[in-house]
Amino acid sequence: MKNPVPQAASLLLEKLMLLVHIRPLPAGSGGETPPPAPGYYDTSCFKRGDLLEVPRTLFVHFGIYLGENRVAHLMPDILPSVTADSRQIQQVVTNKRLILGVIARAASVRVDTVEDFAYGGSILVNHMDRLFEGQVLSSEESARRAEKLVGATAYSLLWNNCEHFVTYCRYGAAVSFQTDKFCETLKMIIRDQRSVLASVLVGLASIVCLGVAPSTTLPTIFIPFFLWMAG
């Protein structure tokens with residue numbers, strides 16, 4: 001049987017990369033590929049209140065379709081916390097805004113075109129419904145919940161990310177399966193005494209990036225080390 005620790009460590013590193021949500025930006029902001037032109041996606045198959053998923057290499061981005069080529073989605077963004085200028089805020093979020101938003105734990109639920117939301121990626125529609133059988137709210141209720149939440153909000157990879165937003169809107173309960181997998185991976189690494197270095201890195205990353213209180217994180221960092229020394 002293969003040792004699950006290296007696989008877990010690899011998955012952990014991938015999920016930590018999710019913290020910065022790096023993605024291509026429009027031309028003029030650094031020479032990156034711009035988003036697709038309007039009309040790139042056939043939105044005739046989307047209905048108001050649909051849950052849209054865009055699989056990425058390291059994560060999945062989620063949004064609620066509002067109709068008329070508009071998608072409400074939660075993104076880390078520093079700008080809404082420093083200005084009320086709606087014209088600036090509505091511009092496509094740059095990588096700098098994303099990173100600063102993650103650091104400051106600031107975000108916004110914003111409404112973008114399907115093209116700006118999906119950014120050329122493939123789109124899955126209501127793919128999570130199978131996991132919430134009997135809990136799917138009406139399409140109109142889902143859309144209305146999303147519209148009510150538009151604006152500045154707090155951001156947390158663990159407690160308030162784009163998946164929490166859409167599951168609350170469509171199913172009435174804010175959950176994140178990506179977060180659950182992240183936490184399970186973290187526990188697997190910490191429990192294995194052979195992964196001392198990984199445990200230390202996890203603890204430090206928790207302090208710096210996730211805002212975990214030092215009183216709860218420091219034992220996580222040092223207990224595996226002492227166990228390893230004792231063994």
Side-chain angles (χ1 to χ4, degrees), residues 18-19 21 23-24 35-81 86 89-93 97-98 101-102 105-182:
L18 185 150
L19 288 169
H21 288 256
R23 69 175 194 176
Y40 180 86
Y41 293 97
D42 179 10
T43 60
S44 62
C45 60
F46 301 156
K47 297 179 181 178
R48 180 172 163 84
D50 279 350
L51 191 160
L52 307 185
E53 296 183 38
V54 181
R56 301 292 190 188
T57 302
L58 303 179
F59 65 97
V60 179
H61 191 49
F62 299 87
I64 297 292
Y65 188 65
L66 302 179
E68 300 179 344
N69 199 36
R70 298 175 302 129
V71 182
H73 58 127
L74 187 152
M75 292 185 67
D77 187 5
I78 191 64
L79 205 55
S81 64
S86 59
I89 294 173
Q90 192 55 40
Q91 293 177 7
V92 176
V93 179
R97 285 169 59 178
L98 281 168
V102 171
R105 303 191 190 101
S108 68
V109 174
R110 52 186 289 126
V111 178
D112 287 311
T113 64
V114 173
E115 288 75 21
D116 284 344
F117 161 73
Y119 230 83
S122 59
I123 300 177
L124 303 177
V125 182
N126 299 328
H127 187 64
M128 296 178 69
D129 284 5
R130 72 190 192 285
L131 303 176
F132 292 89
E133 188 174 353
Q135 301 180 52
V136 182
L137 302 176
S138 70
S139 297
E140 187 58 30
E141 174 64 17
S142 299
R144 286 179 179 175
R145 285 185 173 216
E147 289 169 337
K148 288 181 180 179
L149 292 174
V150 170
T153 185
Y155 176 77
S156 169
L157 174 64
L158 298 182
W159 314 116
N160 192 38
N161 62 40
C162 60
E163 192 174 5
H164 291 106
F165 165 68
V166 297
T167 52
Y168 165 76
C169 292
R170 187 163 176 85
Y171 310 116
V175 299
S176 174
F177 295 107
Q178 292 185 116
T179 295
D180 292 343
K181 290 180 180 179
F182 175 88

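- Taken from CG in Asp116 to NE2 in His73, the straight-line distance is 7.5 Å, to the nearest 0.5 Å.
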Worksheet entry | Verdict with reasoning, Phe62 to Arg170, per side-chain contact (heavy atoms from CB on, under 4.5 Å) | CA-CA 12 Å; Phe62 299 87; Arg170 187 163 176 85; over 6 Å; no
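- Atom-to-atom distance recorded for Phe59:CZ and Cys162:SG is 7.5 Å, nearest 0.5 angstrom.
- Among all heavy-atom pairs drawn from Asn161 and Glu163, the shortest one is OD1-N, 2.8 Å.
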Worksheet item: side-chain contact (heavy atoms from CB on, under 4.5 Å) between Ile123 and Val114: does it pass, once the steps are laid out?
Response: CA-CA 10 Å; Ile123 300 177; Val114 173; 3.7 Å; yes
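- The shortest non-hydrogen separation linking His164 to Thr179 is CE1-OG1, 4.0 Å.
- For Thr167 (side chain) and Val175 (main-chain N/O), a donor-acceptor pair under 3.5 Å exists by modelled atom type.
- Heavy-atom minimum distance, Asn126 versus Asp50: ND2-OD1, 3.0 Å.
- The shortest non-hydrogen separation linking Glu115 to Tyr40 is OE2-N, 3.4 Å.
- A heavy-atom distance below 4.5 Å is found between the side chains of Leu124 and Pro55.
- Under the salt bridge (Lys or Arg N to Asp or Glu O under 4.0 Å) criterion, Asp112 pairs with Arg110, sequence neighbours left out.
- Rounded to the nearest 0.5 Å, atoms CZ (Phe165) and CE (Met75) are 12.5 Å apart.
- The structure places CD of Glu53 at 5.5 Å from NE2 of His127, a figure rounded to the nearest 0.5 Å.
- Between the Tyr171 side chain and the Val166 main chain, no donor and acceptor come within less than 3.5 Å of each other.
- Ring geometry for His61 against Phe117 counts as tilted: the plane angle lies between 30° and 60°, on a 0 to 90° scale.
- Put simply, the side chain of Thr43 never gets that close to the backbone of Phe46: no donor and acceptor are under 3.5 Å apart.
- The line from CG of Asn160 to CG of Leu74 is 5.5 Å long, rounded to the nearest 0.5 Å.
- Across Tyr65 and Arg70, no two heavy atoms sit closer than the pair CD1-O, 3.3 Å.
- In this structure, the separation between CD1 on Ile64 and OH on Tyr168 is 11.5 Å, given to the nearest 0.5 Å.
- Nearest heavy atoms, Pro76 versus Val102: CB-CG2, 3.7 Å.
- When the salt bridge (Lys or Arg N to Asp or Glu O under 4.0 Å) test is applied to Glu140, the partners found at least two apart in sequence or on another chain are Arg48, Arg144.
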Worksheet item: How far apart are the C-alpha atoms of Gln91 and Leu79, what are their side-chain angles, what is the distance that settles it, and do they pass the side-chain contact (heavy atoms from CB on, under 4.5 Å) test?
Response: CA-CA 10 Å; Gln91 293 177 7; Leu79 205 55; over 6 Å; no
Fill in: side-chain contact (heavy atoms from CB on, under 4.5 Å) evaluation trace for Tyr119 with Arg56
CA-CA 10 Å; Tyr119 230 83; Arg56 301 292 190 188; 3.3 Å; yes
